[in-house]
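Throughout, residue positions are numbered sequentially from 1 according to the sequence presented. Whatever order the structure lists them in is the order used to number ligands and atoms, beginning at 1.
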Amino acid sequence: MAADLASMNVAELQAWVESQGLRTFHARQIFRWLHQRGAASYEEMTDLSKDLRARLPQLAPLLRPVIVEERPCSDGAVKYRFRLHDGLEVEGVFIPESDRQTVCISSQVGCGMGCAFCATGTMGFLRNLSAAEIAGQVEAIMARLRAPDGRRPVSNVVFMGMGEPLANLPAVIRAAEILLDPLGPGFSRRHITVSTAGLIPAMEEFVRRSPVKLAVSLNATSDEVRDRIMPVNRRFPLERLLAACRNLPFQHGDRVTFEYVMLGGINDSDEDARRLLRLLSGIRAKVNLIPFNPFPGSAFARPSRERVDAFLERLAGGGVSAFVRQSRGASQGGACGQLVTTARGRAAPDSKAGG
Ligand code: SAH
Ligand code: SF4
C-alpha cells in the first residue's frame with residue numbers, strides 16, 4: 001500500500017523520507033505544507049525541488065478530504081461537505097462565537113453505535129477515517145477561512161461530527177497529535193475535545209495516550225432509558241461508566257465534560273435532574289445540556305425553553321456547573337446529531353439534515 005504521508009507524525013515522516021533516499025529536512029517541509037498550510041497537492045510545495053514534486057505523487061498519493069460543498073447557516077455557522085478519496089463523504093461545521101471559533105469534525109463515515117436520537121446513527125457504520133482525513137477537515141476549513149491579516153481562523157476543534165471517535169482510536173489519537181504539533185496547526189491541548197458515547201476501555205486508553213480533553217455523552221439518568229436510546233449502555237451501563245469517569249488517569253488533572261441531549265418527556269424531568277446530581281456526586285463535572293435537534297423521521301421532541309431552564313437550575317442548585325448549548329448550524333442540518341450523508345456518500349436530497 002502506498003504511504004499515507006498526511007497521517008504520519010514528523011518522526012514517521014522523517015523515517016519515510018530517509019527510506020526513500022531523500023534528505024531528512026524534507027520531512028519537516030512536507031509536514032508544514034500539509035498541516036500548517038493545508039496544501040491539497042505536492043505542486044503547491046514550492047520549496048521542494050521540481051523533480052521531487054513530480055516524483056512524490058507516485059510514491060505517496062495525497063489522500064486529503066476535499067470540500068465539495070459549503071453552506072452558510074443563518075446563525076453564522078458554515079457547514080462543509082467533504083469528499084474522500086473513495087467517493088464517500090463526511091461533514092464538518094464551522095461555528096463562530098464571540099470568544100472562539102470552533103470546527104466540529106467527523107471521525108467515521110456513519111456510526112455503528114445506533115443511538116436512537118442521532119441522524120448519523122441511522123446511517124450505520126461505513127468506515128473509519130484516517131488521521132489525514134480527520135485532521136484534514138480542520139486544515140481544509142482553516143485554509144478556506146485564512147484571513148488576509150494572517151489571523152488564526154479557528155481556535156477550537158471538537159470531535160462531535162459523524163462517528164464515534166473512540167471506535168477509531170489510533171487515527172483519532174494521531175489526528176489530535178498532528179493538530180497539536182507546532183509545525184502543524186499548533187492548537188492548544190485545552191482547545192481540542194473528543195466526545196464519546198462511553199466506550200470505557202477506549203476512554204481509559206485515550207486519556208493515557210492523548211493530552212486533549214474528553215467529553216462523555218451521558219444523555220440519560222437511568223439504565224432503562226439509556227439502554228433504549230443508546231445501545232452502548234447495554235455493554236457499558238451507567239454505574240460502570242461513571243465509576244470509570246471518576247478514575248480516569250488524566251495526564252493534566254482535567255475533568256470530564258458530560259453532554260446531555262435533552263429529549264422532551266424522555267429525560268428532562270425534575271426527577272432526571274435529581275438523579276443526574278446523584279450520579280455525578282464526587283465528580284468535578286461540567287454538564288453541557290443540548291436541546292434535541294430534530295431531523296426528518298426522528299421520533300423525539302425538543303423540550304420547552306422552560307423545561308431546559310428548570311433542569312439547568314436544578315443542576316446549578318446541586319452545585320454542578322451546567323450550560324445550555326444551543327446547537328448552531330441547525331438551519332442547514334449542521335447541528336449536533338443532524339449530520340448525515342447517504343450510504344453512497346451523497347447528501348441526502350430530501351433532508352434538512354442532508355449535506
Ligand atoms: N459519537 C460521539 C461524538 C459525536 S455525537 C458521541 O456520541 O459523543 C456529538 C454529540 O451530539 C453527542 O453528545 C450526542 O449525544 C449529540 N447528539 C446526537 N444527536 C443529537 C440530536 N439529534 N440533537 C442534539 N444532540 C445530539
Ligand atoms: Fe454515533 Fe455519537 Fe450519533 Fe451515537 S450520538 S450514533 S455515538 S455519532
Side-chain angles (χ1 to χ4, degrees), residues 90-93 95 102-129 134 137 157-169 172 175-176 192-200 202-203 206 212-221 225-236 241 245 256-264 266-268 286-303 308 322-330 333-341 351-354:
V90 292
E91 297 183 330
V93 190
I95 306 153
T102 303
V103 164
C104 171
I105 54 171
S106 298
S107 55
Q108 301 181 315
V109 188
C111 183
M113 309 296 287
C115 302
F117 51 83
C118 173
T120 308
T122 64
M123 290 173 67
F125 170 73
L126 279 84
R127 75 165 169 87
N128 279 328
L129 299 191
I134 298 170
Q137 296 165 59
V157 176
V158 295
F159 287 62
M160 297 185 188
M162 292 163 63
E164 166 50 43
L166 297 195
N168 184 13
L169 196 61
V172 164
I192 298 181
T193 302
V194 169
S195 173
T196 179
L199 298 172
I200 295 174
M203 285 163 57
F206 180 76
V212 306
K213 298 194 7 184
L214 184 67
V216 175
S217 299
L218 204 56
N219 299 350
T221 61
V225 172
R226 200 163 188 270
D227 278 351
R228 197 145 51 85
I229 63 173
M230 298 182 74
V232 66
N233 195 64
R234 296 172 208 155
R235 260 193 297 161
F236 301 116
L241 178 59
C245 291
V256 187
T257 300
F258 290 98
E259 288 146 283
Y260 193 93
V261 179
M262 294 189 71
L263 307 168
I266 305 278
N267 65 0
D268 63 345
K286 187 180 117 179
V287 177
N288 285 329
L289 300 173
I290 314 171
F292 173 66
N293 292 305
F295 55 91
S298 61
F300 298 98
R302 223 179 145 82
V308 176
F323 304 86
V324 179
R325 293 274 172 243
Q326 285 301 345
S327 298
R328 309 249 258 147
C336 296
Q338 288 186 312
L339 300 184
V340 61
T341 52
S351 102
K352 182 170 103 132

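Contacts with ligand 1 closer than 4.0 Å are made by side-chain heavy atoms of V261 only, the backbone lying farther away. By the criterion of a heavy-atom distance under 4.0 Å, the side chain of E259, and not its backbone, is placed next to ligand 1.
Tested against P165, the residues T193, V194, L129, N128 include a single side-chain contact (heavy atoms from CB on, under 4.5 Å) partner, V194.
Annotation: the span from M262 atom CE to I290 atom CD1 amounts to 11.0 Å, rounded to 0.5 Å.
The shortest distance between side-chain heavy atoms of L166 and M203 falls below 4.5 Å. Looking only at side-chain heavy atoms (C-beta outward), V212 and F206 come within less than 4.5 Å of each other. Using a 4.5 Å heavy-atom cutoff, the side chains of N233 and L241 are not in contact. Residues N168 and I134 meet the side-chain proximity criterion, which asks for heavy atoms closer than 4.5 Å. Using a 4.5 Å heavy-atom threshold, the side chains of I229 and L263 count as touching.
Atoms of ligand 2 found under 4.0 Å from any heavy atom of A197 (numbered from 1 in listed order, with element): 7 (S). Per-residue contacts place C111 under 4.0 angstrom from the following atoms of ligand 2 (heavy atoms of the residue considered): 1 (Fe), 6 (S), 7 (S), 8 (S). Against a heavy-atom cut-off of under 4.0 Å, G161 is close to the following atoms of ligand 1: 4 (C). Within the listing of ligand 1, atoms 24 (C), 25 (N) sit less than 4.0 angstrom from a heavy atom of I290. For ligand 1 and T196, the ligand atoms under 4.0 Å from any heavy atom of the residue are 6 (C), 8 (O). Ligand 2 places these atoms under 4.0 Å from at least one heavy atom of C118: 3 (Fe), 5 (S), 6 (S), 8 (S).
When the heavy atoms of G163, G114, G121 are ranked by distance to atom 2 (Fe) of ligand 2, first place goes to G163. Between C111, S106, G163, it is G163 that holds the heavy atom closest to atom 1 (N) of ligand 1.
The two residues V261 and N219 make their nearest non-hydrogen contact at N-OD1, 2.9 Å.
Considering backbone and side-chain N/O of F295, none are found under 3.5 Å from N/O of ligand 1.
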